[in-house]
Amino acid sequence: MSEDPALDDLLDVLSDEYARDILAATSIKPMSAQQLVDECEMSKPTVYRRVKRLQTYGLLDEQTKIRTSNNHYSVYTATLSEVSITLETGSFEAAVTRTDTESFPGEQESDTADRFTKMWEDL
């Protein structure tokens, strides 16, 4: 979702304790669904429902981790950094600030040489 969600939708999502727990846990480090089950003490179906809803509003990012045994899995990272609500001229406005979801330096670069340079500079 490229634009900020409507205020009602945003407040509805953030009023869910499970969704907030997932955002809090994934703001520390990327976590798999099983890690979220263990960390947040909720069922796997609950985790997946909340993850899907958070992704719908652009508050959670998904990355695929690859294993050599062909058992790939997803990890989730919170993209929410800040929510601000203002009351101006008789109406409420919500603004969402998201974190940079770049998983490694240079990932957004299209040129291979530029990607390598950014990766090297960050070492």
Side-chain angles (χ1 to χ4, degrees):
M1 177 175 271
S2 59
E3 62 183 48
D4 291 344
L7 179 60
D8 291 344
D9 295 335
L10 181 63
L11 292 176
D12 188 43
V13 169
L14 295 178
S15 70
D16 183 340
E17 180 180 354
Y18 292 129
R20 288 193 316 268
D21 287 348
I22 289 171
L23 286 172
T26 58
S27 71
I28 298 168
K29 66 178 184 176
M31 300 183 92
S32 68
Q34 186 58 53
Q35 289 172 315
L36 288 168
V37 165
D38 297 339
E39 178 76 20
C40 300
E41 298 179 354
M42 60 184 82
S43 71
K44 198 172 266 190
T46 299
V47 167
Y48 280 117
R49 279 193 302 271
R50 292 334 188 271
V51 162
K52 184 175 180 174
R53 190 165 187 217
L54 290 166
Q55 286 177 309
T56 299
Y57 292 104
L59 303 177
L60 200 65
D61 188 38
E62 178 179 8
Q63 296 176 341
T64 301
K65 294 293 183 180
I66 299 174
R67 291 185 180 160
T68 56
S69 63
N70 293 331
N71 293 330
H72 309 314
Y73 66 101
S74 294
V75 293
Y76 305 97
T77 306
T79 60
L80 176 66
S81 175
E82 179 181 342
V83 174
S84 62
I85 300 172
T86 57
L87 173 62
E88 193 171 307
T89 62
S91 67
F92 286 95
E93 296 292 325
V96 176
T97 304
R98 292 176 173 81
T99 59
D100 182 13
T101 59
E102 185 175 36
S103 63
F104 63 88
E107 180 181 25
Q108 304 300 324
E109 298 293 332
S110 59
D111 181 62
T112 304
D114 291 341
R115 289 177 83 177
F116 181 74
T117 300
K118 287 209 177 196
M119 288 172 43
W120 183 258
E121 288 172 347
D122 196 55
L123 292 178

When rounded to the nearest 0.5 angstrom, what distance separates [atom1] in [X] from [atom2] in [Y]?
X	Y	atom1	atom2	answer
K52	Y57	NZ	OH	12.0 Å
I28	T77	CD1	OG1	12.0 Å
S43	R49	OG	CZ	6.0 Å
C40	E17	SG	CD	10.0 Å
E93	T86	CD	OG1	6.0 Å
I22	L60	CD1	CG	7.5 Å

Completion exercise
Hits for salt bridge (Lys or Arg N to Asp or Glu O under 4.0 Å) against D16, two or more places apart or cross-chain, chain-then-number order -> R50

Handout entry: Partner set under salt bridge (Lys or Arg N to Asp or Glu O under 4.0 Å) for D12, not counting sequence neighbours
Key = R53

Same cluster (ILVMFWY, side-chain, under 4.5 Å), [X] and [Y]:
X	Y	value
Y48	L23	yes
I85	L87	yes
V96	L54	yes
V13	M42	yes

Exercise for the section: May I ask you to decide if L59's main-chain N or O and R98's side chain share a donor-acceptor pair within less than 3.5 Å? Expected result: no

Problem - Any donor-acceptor N/O pair, T79 side chain to G58 backbone, under 3.5 Å - result: yes

Compare every heavy atom of [Y] with every heavy atom of [X], then report the nearest pair and how far apart it is.
X	Y	value
T99	A78	OG1-O, 3.5 Å
S74	E62	OG-OE2, 2.6 Å
S15	R20	O-NH1, 3.1 Å
S27	A24	OG-O, 2.7 Å

Problem - Working for side chain to side chain contact (heavy atoms under 4.5 Å, CB included), residues L14 and L80 - result: CA-CA 11 Å; L14 295 178; L80 176 66; 4.2 Å; yes

Practice task
Begin from the C-alpha positions of N71 and Y73 and carry the test side chain to side chain contact (heavy atoms under 4.5 Å, CB included) through to its verdict.
Solution key: CA-CA 7 Å; N71 293 330; Y73 66 101; over 6 Å; no

Practice task
Assess whether side chain to side chain contact (heavy atoms under 4.5 Å, CB included) is satisfied between L36 and Y76, documenting all intermediate values.
Solution key: CA-CA 9 Å; L36 288 168; Y76 305 97; 4.2 Å; yes

